[in-house]
Amino acid sequence: REKIDAQGLAISGAEPTLVEVVQELGDVMAKKNIPTRRMKAVDRWYAFEEEGVPKQKTKWVKVRYPASSPALNISDCSKFKTFSHIFGDNRSFLELLLLKRKMKGPSWLTIKGATRVSEGNQITWASEEYSVDTYKSVTALPDTDHRPPPLTVMSLNMLTFLNESKKVNEIAAVTCVVNREVSMDGQVNNNAVTKWTAVRRLGDNVFPFDLEKVFRSKNCEVPRKEQTEKALLTGLMNEIERTDPDMLVGHNFMGFDLDVLLHRMAANGVGNWSRIGKMRLRQMPRLQSGAGGTGESTWEERAVLNGRLVADTYLLAREYLKESSYKLLRLAITQGLEGPSGPVTETMVEEEPFLDVAKELGSSEGIYKLVHWCDTKAVLALGLMYKMQIIPLTKRLTTLAGNLWSRTLTGSRAERIEYLLLHKFHLQKFICPDKARRKWAPKQNEDDEAEVGATAARGKPKYLGGKVLEPKRGLYTDYVLLLDFNSLYPSLIQEYNLCFTTVERSEQLADGSYADCPVPTEDQLVCDSCKHLLKQQTEDGKPRLKIEKGGSCLHRCLLPKAIKELVDSRGQVKKLLKAETDPQKKAVLDIRQKALKLTANSIYGCLGFQSSRFYAQAIAQLVTSKGREALTNTVEMVPKIDQSLDVIYGDTDSVMISTGMSGDVNAAIKMANLIKKDVNKMYRCLEIDIDGIFKSILLVRKKKYAALTLKDLAKGDNPDNVKQEIKGLDLVRRDWCPLSQKMSVQVLNFILSGRPGDEILDTINTYLAEMGDSIRNGKEDLKDFIITKSLTKAPEQYADRAVQPHVQVALRMKEQNLTVQTNDLIPYIVCEATSVNPDVLGLKADWDKSKLAMRAFHHDEVKNPATGLKPDLDWYLATQIHPPITRLCEHIQGMDSHYIAETLGLQASKYLVHTSSSTSSEPMAVYRYTTHSYDMDDEQRYEDCEQLQFDCGRCKAPVVISIKQRLYEAVEKLFQENMDPSSVGPMNFFTCEQCSTVVPLPKIYNTVLLKIRQHQQKYYSQCPQISTHPSKDAPHSTYTDQMFRHQLTYYISMFDFPNARDQVYNRLERKLLAPVRKSQPALFTQKQRSLNDLFQATINKTLPSELWIEDPLERKRKLVLRGEQLQKAEQLKEDLSVLTKMIRIRLQSCRRHYVNLGDLFANMGQRRPEEDGMKAKA
DNA sequence: ATGTTAGGTAAAGATT
DNA sequence: AATCTTTACCTAA
Ligand SMILES: [Mg+2]
Ligand SMILES: [Mg+2]
């Protein structure tokens, strides 16, 4: 503080003397009984967010006192007269040790003057324990001098079952797989593996007499047989004591096994429980509530393991692998791991959750099965740990940051960066930010408010991030260049010397963000004290320090320098990697470069992380703002380099540039290099690079695209050198059902195939029509309807759980004693409302089926025939299939939402709902689905359409040729006449009803064709007012393209037998049986049966559904019809298909045509994909 | 307690 | 009935 005069006023520019400060401080310390002998004045720097602390070299008072005294722990300095801040009064000894002794990562240590701690006073389980008087006795030795020792690694897995009466998880079997020779650089000696397996008896049961025999017959070692859970766990602790592993490995060990183990050891009174870690503990920590293993382990639980590294492969896989499921067996498949009996199969993945541990304990075969599972999972977790190279990678990361290895394994990135910066700033004599003090009192009070406010506030961004350009959507088949800045944010920090020490913080605004900070000037790169030295130097000529032009002094730009160090050493490692041929050494180098990259890339994130000690939002904001600037500048530069270039998209650090070139890749590469050179001229450190060249790209939305990219630019444009790359599309997201994904993949492949537009249209059209049929006919695998969503919290914690399908399913799973945890994937299928029967399913009677969540059921529930659940095919078509497919196709010539809907068999016209989304320029049509869409009355739907009229060639009577109508009338008549199903014969559709004269197919064909032409003319004669999205207010006087399509769809409906079949039956049942349904239930059932029989008989004689079986052999086998009748049926099917195909083709060409016209009249100024091709056609 | 922001999509509820 | 808002999920960078 400024010195205060006798009147209590601050004397400007004057400082209190050292004696005055020491006196005031000494008083405070004396009150806490802290010795005050060692205080001295020192020079220190400061660069962080605490206000009022000078940011140049300043005099500080340094206080040292023995660790045995309490922490000074002063949070409020306002009452002091001579000083305004105290730093480091609450620092942990561990942090001090690491910083003072410059210990960075695991290494050998030299310890001088250690004294042996007597056995009785040991605080650890170590065989020998020593103590030293001062941290100065400890010195770290670099690995280069001494080879690091091998680690003993123990993979631990256990099987549990729920004790229903006590509602707790009990442990039935445990496997430990131990390897004593795991090298820290990633090599494993698989000959050093031992296995320990124990299984216990259940209740009063005895072990089966033939247990040994069964195990021996399978050539399997007999497990240890324990009489009780207590004996099992005591045995396990003894085994851990004997092995004394350096590292424990387990899949979800932190989220399940640890808590269950501690619960059971507490419940059984296992005496040596603290052997699980290396510390001798007396007090069992506070455990989770509940059955054990229901969620994240508590802080105290983790502390039990102190002294051992823990590799939880579940958490590690989530951090280091990009997968859609992190179940151990799933990962085993995707990572190609092998268990003791070979690779993991799909069947194993499916069976695993259903293993009934308590039941299997009852037989020798069952116990064998359990032991095998238990062993397998222990082996797989270990294998997964090796595969991810956890030991070398985390060791490297730890060495870079200088934190604790055990903390790197639990994944806290922020802490790693904190330590990296702590080491750097400590070295230059900076005062570092203190760890935030835990606030005890207010937390309790604000709990409730925080809970409510937090959900909204937590995710809310505090400042602007990367820029995403609005994509110019569509399919591009010219070469598209992808240029991408290398490590944009780390590079910007270097480029502009962004550091805690250089960026002048601006005012914080009302919205929580900061006003734009200015980029540091050259003047700011040298601190005042160094400037002073420089000045002296020029005055007296004595060399003191050397700073290059534009360079910085030691006390500035520590952050950019730290990054530069990382980037430079990565460059060196990569160079070595290129030259290295030995695969093992190569792997080590690859890990090193990975660790360097990971560390550099996470630095920016930690600047913006609120709980970080080095939190500096203003700097984070400046980084992203410079990033946006770099992108914008690049976008503006590109067209200036060459007029033909067009930036079609860009995200944060990349631009995609359409070249208009095709055929000559080398020309495109040359162009890319030209752009690269020009952009890079602008920057000192920042560098843009060619990330790829696309042969074709479908640009769908921001962050959503698919492209064919050239694998190796040197190898040119040939089919072998092409790879598909998909980003963000629905089909890469696990929250869409596999059916939707598979269909999207197919459609996308067609689109990117590079075949002519017409061909693509036809292929997609046929495919969608086929799939639509197949889905409606129930031919698709039930598994393909499963939607998977993960729980982001415990199911009970969802405020709107009644409305979330996966939460509903999860809650039911819990009721059935299945373990459901946060982040678990919950699979569900949306079912028809009519098939959801609350009685059968044991749900509440007032189950509200209007909500989607109430129609969502687990695959196992739907699979079970007793539930009667059926997937809601209409919902799937309208919600899971139609929108994603539309998004892929809507920018393709001749495709739009309605067309796709029609092809899929969705009813368009009357069920159209428009919604607008603020982000997309065009409103997207959403097709409503109904549970009874087949009941839609076609007469009503097509009432606006022109009817088809034929006259009988002989009696001139009008002939109705509509499958629907004829079928309906025929069966109605049979029913009313009470006919016997066996006497029903085949129907004729193309005949006069009066005189039975056949109306020949060519006549029908030509009449339809003629009609279509008339409509076509009517349509084209109009001014080509193109409306791809017809709305209700479009004037009815004009004949719109939608009306035209509607007409054609009506024609198709006349000859579409499968569709007619389903509709007609529903209509018959409604009209003929509805009157008796309520009043006479018995009669209703009887009548329903006879109607159904008559209907089926008619169908079977006329056009049996087996005719649609694709495989000819199977079709022949299943068909009951024979001889002439079969021939007739086949002919009829063929005739109908000829007619519908013909109409469908018109429907397609209509679409193509009007889109072409539309483009002719559209604003030609704007460049469009495939422009050239289109002009030619037009 | 445990890196950041940007963005699309669906469903349901609230508001106009 | 149309439109806006909120919540949840998952992805890109
Ligand atoms: Mg990049
Ligand atoms: Mg990029």
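Letters go in sequence order (proteins before strands), and every chain restarts at 1. These figures come from a predicted structure and were not determined experimentally.
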Contact class for [X] (heavy atom, under 4.0 Å): base, sugar-phosphate, or nothing?
{"X": "A:Leu464", "result": "sugar-phosphate"}
{"X": "A:Lys467", "result": "nothing"}
{"X": "A:Tyr649", "result": "nothing"}
{"X": "A:Thr410", "result": "nothing"}
{"X": "A:Gly605", "result": "base"}
{"X": "A:Lys435", "result": "nothing"}

Listed nucleotide nearest any side-chain atom of A:Ala414, set B:dG3, C:dA13, B:dA12: B:dG3
Proximity to the side chain of A:Val468 - top-ranked nucleotide from C:dT11, B:dT9, B:dG7: B:dG7
Ring pair (Phe, Tyr, Trp, His ring centres under 6.0 Å) against A:Phe48, all qualifying residues, sequence neighbours excluded: A:Tyr46, A:Phe425, A:Phe500, A:Phe614
Residues which pass ring pair (Phe, Tyr, Trp, His ring centres under 6.0 Å) with A:Tyr876, listed by chain and number, not counting sequence neighbours: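 Checked A:Tyr876 against ring pair (Phe, Tyr, Trp, His ring centres under 6.0 Å); matches are A:Phe785.
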A:Thr792 side-chain N/O to C:dC9 phosphate OP1/OP2 under 4.0 Å: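 Yes, within the criterion.
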Any A:Arg473 side-chain nitrogen or oxygen under 4.0 Å from OP1 or OP2 of B:dG8: no
Residue list, salt bridge (charged side-chain N to carboxylate O under 4.0 Å, His left out) with A:Asp516, at least two apart or on another chain: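 With neighbours one apart ignored, the set is empty.
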A:Arg318 (side chain) and B:dT2 (base): donor-acceptor pair under 3.5 Å: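 Side chain to base: no pair below 3.5 Å.
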Spacing of the C1' atoms in C:dA13 and B:dT2 (rounded, Å): 22 Å
Aromatic plane relationship, A:Tyr705 with A:Phe694 - under 30° parallel, 30 to 60° tilted, over 60° perpendicular: tilted
With A:Ser513 via side chain to side chain donor-acceptor pair (under 3.5 Å) - residues at least two apart: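 Side chain to side chain donor-acceptor pair (under 3.5 Å) check on A:Ser513 returns A:Asp511.
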side-chain contact (heavy atoms from CB on, under 4.5 Å) involving A:Ala595 - partner list, sequence neighbours excluded: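 With neighbours one apart ignored, the set is A:Leu393, A:Arg396, A:Leu397, A:Leu400.
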Qualifying residues under side-chain contact (heavy atoms from CB on, under 4.5 Å), relative to A:Ser406, sequence neighbours excluded: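 A:Ser406: side-chain contact (heavy atoms from CB on, under 4.5 Å) contacts with A:Leu309, A:Leu404.
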Proximity to DNA chain B (any heavy atom under 4.0 Å), residues of residues 402-409 of chain A only: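 Those residues whose heavy atoms fall under 4.0 Å from DNA chain B, taken from residues 402-409 of chain A in numerical order, are A:Arg407.
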Pairs touching residues 801-814 of chain A that satisfy salt bridge (Lys or Arg N to Asp or Glu O under 4.0 Å), sequence neighbours left out: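 The answer is A:Glu796-A:Lys814, A:Arg812-A:Glu861.
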Divergence of helical axes at both termini of the helix from B:dT4-C:dA13 to B:dT16-C:dA1 - five pairs an end, 10° steps: 30°
Ion pair A:Glu470/A:Arg701, N-O distance below 4.0 Å: no
